[in-house]
Amino acid sequence: MEKVLLLHSSCEGQTKKILNHIEQQLGDQYHCDYIDIHSEPNVDFSLYDRVLVGASIRYGHFNKKLYRFINKYQQELSQYNVAFFCVNLTARKEGKDTPEGSAYIKKFLIKSPWHPVLIGVFAGALRYPRYNFFDRTMIKLIMKITGGETDTTKEVEYTDWNKVSNFAAQFKQQRNEK
């Protein structure tokens with residue numbers, strides 16, 4: 001049985017939900033461990049056959065703890081060909097849902113010393129009722145500007161699960177070097 005490490009940097013839980021879907025796509029021959037990057041963990045990459053990092057965007061940025069994690073484990077991340085995906089609401093728009101079309105991935109690749117071999121970009125979820133007043137107001141403003149949902153009573157999941165399944169298949173085929 002292959003061991004898979006699923007690392008996540010998530011604000012509202014959609015990134016972890018995507019990781020759960022990927023775990024299901026991998027099947028029973030894989031054992032998956034989840035670690036929250038926000039807990040600033042100590043990780044032994046040699047214990048795993050595959051590693052995947054999923055991170056969400058909040059107000060146009062990845063969490064700073066993601067970059068601290070990358071700086072701490074730069075060598076391991078490159079050595080094991082760790083895969084990466086980004087979750088954001090901009091990816092709900094065609095052309096913004098690929099590594100080449102995502103402004104967040106372009107910025108990430110400039111800012112980060114780590115350049116993953118396999119990168120995915122997925123649309124996230126809008127969960128107005130779960131947000132505090134400030135976040136609900138700010139996200140509504142951003143969605144109004146970008147032509148998105150502004151009804152604050154709604155929850156909308158933009159994630160394309162077929163796209164996530166295709167990424168999971170690519171991740172499964174990726175060969176990590178030990």
Side-chain angles (χ1 to χ4, degrees), residues 6-25 34-41 52-74 77 82-116 118-168 170-171:
L6 302 173
L7 295 155
H8 56 92
S9 171
S10 185
C11 297
E12 302 294 332
Q14 191 68 11
T15 303
K16 192 168 179 192
K17 186 174 180 180
I18 290 169
L19 284 172
N20 289 334
H21 182 83
I22 291 171
E23 177 182 10
Q24 290 174 354
Q25 297 301 303
Y34 289 79
I35 297 179
D36 184 349
I37 288 174
H38 298 172
S39 70
E40 301 188 38
L52 177 58
V53 177
S56 64
I57 294 290
R58 184 64 166 234
Y59 295 122
H61 303 281
F62 289 109
N63 188 293
K64 290 177 182 167
K65 290 183 180 181
L66 172 68
Y67 289 107
R68 281 202 288 267
F69 181 85
I70 290 169
N71 286 331
K72 181 177 179 179
Y73 292 106
Q74 178 183 350
L77 290 166
V82 178
F84 176 75
F85 70 84
C86 167
V87 179
N88 64 81
L89 288 173
T90 306
R92 73 187 190 283
K93 296 183 175 188
E94 191 174 332
K96 307 282 186 184
D97 60 347
T98 65
E100 301 77 25
S102 171
Y104 302 122
I105 293 296
K106 289 177 186 176
K107 186 176 170 183
F108 172 80
L109 292 173
I110 291 168
K111 190 173 180 178
S112 172
W114 170 50
H115 294 178
L118 177 61
I119 300 173
V121 179
F122 307 120
L126 190 56
R127 310 256 190 237
Y128 281 119
R130 301 181 196 190
Y131 303 148
N132 64 37
F133 176 78
F134 176 79
D135 286 338
R136 188 170 40 254
T137 303
M138 293 303 295
I139 293 170
K140 179 180 177 180
L141 176 64
I142 292 166
M143 294 304 280
K144 185 175 183 170
I145 291 168
T146 63
E149 180 61 60
T150 58
D151 182 343
T152 58
T153 65
K154 290 187 176 180
E155 291 197 11
V156 183
E157 188 171 80
Y158 294 103
T159 306
D160 179 342
W161 295 106
N162 288 327
K163 186 173 181 188
V164 175
S165 295
N166 290 337
F167 179 83
Q170 288 179 295
F171 177 64

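Two residues are said to be in side-chain contact when any heavy atoms from C-beta on lie closer than 4.5 Å; T137 and Y131 fail this criterion. Within the 4.5 Å cutoff, the side chain of D135 has heavy atoms near those of the Y59 side chain. Contact annotation: the side chain of K154 never approaches that of R127 to less than 4.5 Å [non-hydrogen atoms, C-beta and beyond]. Here the side chains of I105 and V121 are in contact, with some heavy-atom distance below 4.5 Å. Contact of the F85 side chain with the V164 side chain is not registered, since no non-hydrogen atoms from C-beta on lie closer than 4.5 Å. For the pair S102/K96, no side-chain contact is recorded, criterion being any heavy-atom separation below 4.5 Å from C-beta on. Considering only heavy atoms from C-beta on, L52 stays 4.5 Å or farther from L7 through its side chain. Using a 4.5 Å cut-off on side-chain heavy atoms (C-beta onward), H38 and H8 make no contact.
Side-chain N/O atoms of T159 and Q14 include a donor and acceptor closer than 3.5 Å. A side-chain donor from one of T146 and R92 sits under 3.5 Å from a side-chain acceptor of the other.
Of the charged side-chain nitrogens involved, at least one lies within less than 4.0 Å of a carboxylate oxygen, so that K65 and E40 count as a salt-bridged pair. With respect to E100 and K106, no salt bridge is recorded, no charged nitrogen being found less than 4.0 Å from a carboxylate O.
The shortest heavy-atom contact between S39 and D36 is OG-O, 2.7 Å. Taking all atoms of both residues into account, the shortest heavy-atom contact from M143 to L126 is CE-CD2, 3.7 Å. Scanning both residues, E155 and P129, for their nearest heavy atoms gives CG-CD, 3.6 Å. When every heavy atom of H21 is checked against every heavy atom of S165, the shortest pair comes out as NE2-OG, 2.8 Å. Nearest approach of Y73 to P41, heavy atoms of both residues: OH-O, 3.3 Å. Taking each heavy atom of T15 and S56 in turn, the nearest pair found is OG1-CB, 3.4 Å.
Rounding to the nearest 0.5 Å places OG of S10 at 9.0 Å from NZ of K16. The distance from atom CG of N88 to atom OG1 of T90, rounded to the nearest 0.5 Å, is 5.0 Å. Distance check: N71 CG to R68 CZ gives 10.0 Å after rounding to the nearest 0.5 Å. Summarising the geometry, atom OG belonging to S9 is positioned 9.0 Å from atom CD1 belonging to I57; distances are rounded to the nearest 0.5 Å. I22 CD1 to Q170 CD: the interatomic distance, rounded to the nearest 0.5 Å, is 10.5 Å. One distance of note links CD1 of I139 with OG1 of T152; it measures 11.5 Å at 0.5 Å rounding.
A cation-pi arrangement is absent between K140 and Y128 under the rule of less than 6.0 angstrom and at most 45 degrees off the ring axis.
A 6.0 Å sphere centred on NZ of K144 holds no more than 12 heavy atoms belonging to other residues, nucleotides or ligands.
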**Asked** Can W161 and K17 be said to form a side-chain contact (heavy atoms from CB on, under 4.5 Å), step by step?
**Response** CA-CA 11 Å; W161 295 106; K17 186 174 180 180; 4.0 Å; yes
**Prompt:** side-chain contact (heavy atoms from CB on, under 4.5 Å) between R130 and R136: does it pass, once the steps are laid out?
**Reply:** CA-CA 8 Å; R130 301 181 196 190; R136 188 170 40 254; over 6 Å; no
**Prompt:** Run the side-chain contact (heavy atoms from CB on, under 4.5 Å) check on C86 and F62 step by step: do they pass?
**Reply:** CA-CA 9 Å; C86 167; F62 289 109; 3.7 Å; yes
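Separation of the F108 and Y104 ring centroids does not fall under the 6.0 Å cut-off. Less than 6.0 angstrom separates the ring centroid of F167 from the ring centroid of F122. Checked against the 6.0 Å centroid criterion, the rings of F84 and W114 qualify as a close aromatic pair.
Only one option out of I70, N63, L66 pairs with I37 in a side chain to side chain contact (heavy atoms under 4.5 Å, CB included); it is L66.
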